[in-house]
Amino acid sequence: MMDNEIDRELLEKIADMLGKPVGAFNIRKDCGCDGRQSTEHIQILDRDDGKSGINIRIADGTVNETCHIPVIITKSGVEETVYNDFFIGENCDVEIVAGCGIHNCGEQTSRHDGVHVFHVGKHSRVHYSEKHYGEGDGKGGRIMNPQTIVYLDEGASIQMDTTQIRGVDSTKRYTKIVCGKDAEAVITERLLTHGDQVAESDMEIDLDGEGARGRVISRSVAQDSSNQVFYPRMVGNAACFGHVQCDSIIMGDAKIKSIPAITANCTEAQLIHEAAIGKIAGDQLLKLETLGLTEEEAEDCILKGFLA
């Protein structure tokens with residue numbers, strides 16, 4: 001586990017791992033398991049349905065525990081689809097740290113498609129974070145296509161933070177969350193593309209239960225000739241509240257399409273959406289340049305703050 005510098009750097013970038021993590025973990029490397037540990041309350045098991053991936057079972061009442069499940073690919077030509085299912089009991093408060101890093105110095109494409117399905121029990125809270133990162137000086141592509149599907153029981157909540165750092169040539173992201181009575185979903189998505197990269201993000205939050213709440217915050221930066229498409233949708237099927245906010249910075253010859261949508265199927269649903277696309281303001285750059293930064297340093301500072 002983490003037996004070379006490439007592994008260590010990837011795991012630090014995508015999962016903030018410095019050495020062996022505390023608590024439950026499963027580290028996947030090049031289509032195999034590179035380390036696993038369960039705890040008294042969090043069990044990580046191989047699937048028994050023939051699909052590649054794991055089942056994570058978290059016992060009722062588990063609080064203040066963390067589960068790390070990062071994926072790294074360090075070989076050119078590795079392509080995989082992985083299915084991870086999470087069964088989270090009632091009255092839990094847990095953190096799950098995922099993420100994928102690809103180091104590709106070869107000629108062939110390396111690709112990871114991850115399908116995560118969450119079943120969150122009554123009155124449980126989940127903080128789920130996922131970072132994606134690509135590197136390597138080869139001509140082979142670095143492709144990541146994550147799918148995240150969440151079912152929230154009564155009073156349950158999920159805070160989902162997803163970040164595409166850089167180096168991912170192509171990504172198609174799909175997220176669907178179904179909220180029961182008094183459940184809450186908050187998604188914060190941060191995405192950076194550069195070069196000729198393409199990114200699509202397709203989200204749907206179904207507010208099915210009375211008192212359900214949903215919020216989507218999307219922040220993205222498109223540089224060079226990259227292309228981004230966002231399609232977040234909030235559907236109110238009961239007395240509920242939903243808010244979709246998409247903010248993007250466009251640079252160079254990039255293209256961004258943002259299509260937020262809200263659908264009310266109940267007269268008591270309150271739904272709001274807003275979207276903005278623009279360039280970095282000249283007065284912001286000027287202010288930082290007067291403090292001694294170059295134009296490039298000023299741009300980098302603004303972008304880091306925007307995506308923080």
Side-chain angles (χ1 to χ4, degrees), residues 1-38 44-47 50-56 66-86 95-116 128-148 161-174 190-200 226 307:
M1 184 178 70
M2 295 184 284
D3 55 0
N4 61 57
E5 190 65 25
I6 291 174
D7 292 2
R8 287 190 289 270
E9 289 182 356
L10 286 176
L11 290 169
E12 183 179 354
K13 284 183 180 294
I14 66 171
D16 298 320
M17 285 176 53
L18 296 171
K20 182 179 177 180
V22 175
F25 67 84
N26 186 89
I27 299 173
R28 184 179 180 89
K29 177 183 176 183
D30 297 327
C31 297
C33 180
D34 197 47
R36 177 182 297 174
Q37 176 174 284
S38 295
I44 303 176
L45 306 168
D46 288 331
R47 299 182 67 95
K51 293 181 178 179
S52 179
I54 54 178
N55 288 331
I56 299 96
T66 301
C67 179
H68 286 80
I69 54 162
V71 174
I72 58 174
I73 294 176
T74 62
K75 296 178 180 178
S76 188
V78 171
E79 297 193 24
E80 62 178 4
T81 300
V82 179
Y83 300 85
N84 296 334
D85 284 6
F86 302 79
E95 181 175 7
I96 297 170
V97 182
C100 179
I102 296 179
H103 179 90
N104 189 353
C105 288
E107 303 295 313
Q108 297 176 291
T109 293
S110 293
R111 172 175 171 167
H112 175 78
D113 294 356
V115 182
H116 290 180
Y128 174 69
S129 59
E130 180 181 82
K131 295 179 181 179
H132 288 166
Y133 171 72
E135 65 178 24
D137 55 8
K139 295 181 180 179
R142 298 173 293 271
I143 299 174
M144 303 179 195
N145 298 319
Q147 294 187 38
T148 306
D161 298 321
T162 65
T163 305
Q164 180 167 300
I165 303 171
R166 64 169 44 249
V168 179
D169 296 309
S170 173
T171 184
K172 291 186 177 180
R173 312 167 67 89
Y174 175 74
R190 302 173 180 88
L191 196 150
L192 170 68
T193 56
H194 54 92
D196 296 321
Q197 295 171 355
V198 294
E200 297 180 18
S226 62
L307 292 173

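Reckoned from all heavy atoms, side chains included, excluding hydrogens, waters and symmetry mates. If you read the sequence from its start, that first residue is 1, and numbering goes on from there.
- Here the CD1 atom belonging to I44 is positioned 4.0 Å from the SG atom belonging to C67, to the nearest 0.5 angstrom.
- Remark: side-chain polar atoms of N104 are paired, donor with acceptor, to backbone N or O of Q108 under 3.5 angstrom.
- Partners of D30 according to the side chain to side chain contact (heavy atoms under 4.5 Å, CB included) rule, which considers only residues two or more places apart in sequence or in another chain, are I73, T74, K75, V78.
- A search for side chain to side chain donor-acceptor pair (under 3.5 Å) contacts involving T193 returns S226, Q228, not counting sequence neighbours.
- In plain terms, the two heavy atoms of A15 and A98 that are nearest each other are CB-O, 4.2 Å.
- With sequence neighbours excluded, no residue forms a side chain to side chain donor-acceptor pair (under 3.5 Å) with Q147.
- With sequence neighbours left out, the ring pair (Phe, Tyr, Trp, His ring centres under 6.0 Å) criterion links Y83 to no other residue.
- Of the inter-residue distances, the one linking Y133 atom OH with E9 atom CD reads 8.0 Å to the nearest 0.5 angstrom.
- Inter-residue side-chain proximity for V97 and P70 is flagged as unmet; no heavy-atom pair is nearer than 4.5 Å.
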**OP:** Before giving the answer on side chain to side chain contact (heavy atoms under 4.5 Å, CB included), spell out for H116 and Y128 the whole-Å C-alpha distance, their side-chain angles and the decisive distance to 0.1 Å.
**Re:** CA-CA 11 Å; H116 290 180; Y128 174 69; 2.8 Å; yes
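- Each of T148, L191, N145 was checked for a side-chain contact (heavy atoms from CB on, under 4.5 Å) with R173, and the lone residue meeting it is L191.
- The distance from atom NE2 of H103 to atom CG of D137, rounded to the nearest 0.5 Å, is 7.0 Å.
- Going from atom CG of D196 over to atom OG of S170 covers 12.0 Å, rounded to the nearest 0.5 Å.
- Listed by chain and number, the residues in a salt bridge (charged side-chain N to carboxylate O under 4.0 Å, His left out) with K13 amount to none (sequence neighbours excluded).
- Looking at residues two or more places apart in sequence or on another chain, you find a side chain to side chain contact (heavy atoms under 4.5 Å, CB included) between E107 and K139.
- Remark: the backbone N or O of C33 is not paired with any side-chain donor or acceptor of N26 at under 3.5 angstrom.
- With sequence neighbours excluded, the residues satisfying side chain to side chain contact (heavy atoms under 4.5 Å, CB included) with N55 are R47, D85, F87.
- Qualifying side chain to side chain donor-acceptor pair (under 3.5 Å) partners for T163, counting only residues two or more places apart in sequence or in other chains: none.
- For S38 against A24, the heavy-atom pair with the smallest separation is CA-CB, 4.4 Å.
- Heavy-atom minimum distance, S110 versus S76: OG-CA, 3.4 Å.
- If you take CG on N84 and CD1 on I56, they are separated by 5.0 Å, rounding to the nearest 0.5 Å.
- For the salt bridge (charged side-chain N to carboxylate O under 4.0 Å, His left out) test, residues two or more places apart in sequence or in another chain that qualify with D113 are R111.
- Considering D46, L45, I27 as possible partners of R36, the one that fulfils the side-chain contact (heavy atoms from CB on, under 4.5 Å) test is D46.
- Heavy-atom minimum distance, H132 versus P146: CE1-CG, 3.4 Å.
- By the salt bridge (charged side-chain N to carboxylate O under 4.0 Å, His left out) test, R166 is found to be paired with no residue, residues two or more places apart in sequence or in another chain being considered.
- Every residue two or more places apart in sequence or in another chain was checked for a salt bridge (charged side-chain N to carboxylate O under 4.0 Å, His left out) with R190, and none qualifies.
- Within the 3.5 Å criterion, the main-chain N or O of A199 finds no donor-acceptor partner in the side chain of T171.
- Between atom CG of residue L11 and atom CZ of residue F25 there is a gap of 10.5 Å, rounded to the nearest 0.5 Å.
- Among D34, I54, V71, the one residue that satisfies the side-chain contact (heavy atoms from CB on, under 4.5 Å) test with R28 is V71.
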Original post:
Can you check side chain to side chain contact (heavy atoms under 4.5 Å, CB included) on I6 and I72, steps first, answer last?
Top reply: CA-CA 10 Å; I6 291 174; I72 58 174; over 6 Å; no
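- Among residues two or more places apart in sequence or in another chain, the side chain to side chain contact (heavy atoms under 4.5 Å, CB included) test is passed with D169 by R142, Q197.
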Subject >> E79 vs I143, side chain to side chain contact (heavy atoms under 4.5 Å, CB included): CA-CA, chis, key distance, verdict >> reply: CA-CA 9 Å; E79 297 193 24; I143 299 174; over 6 Å; no
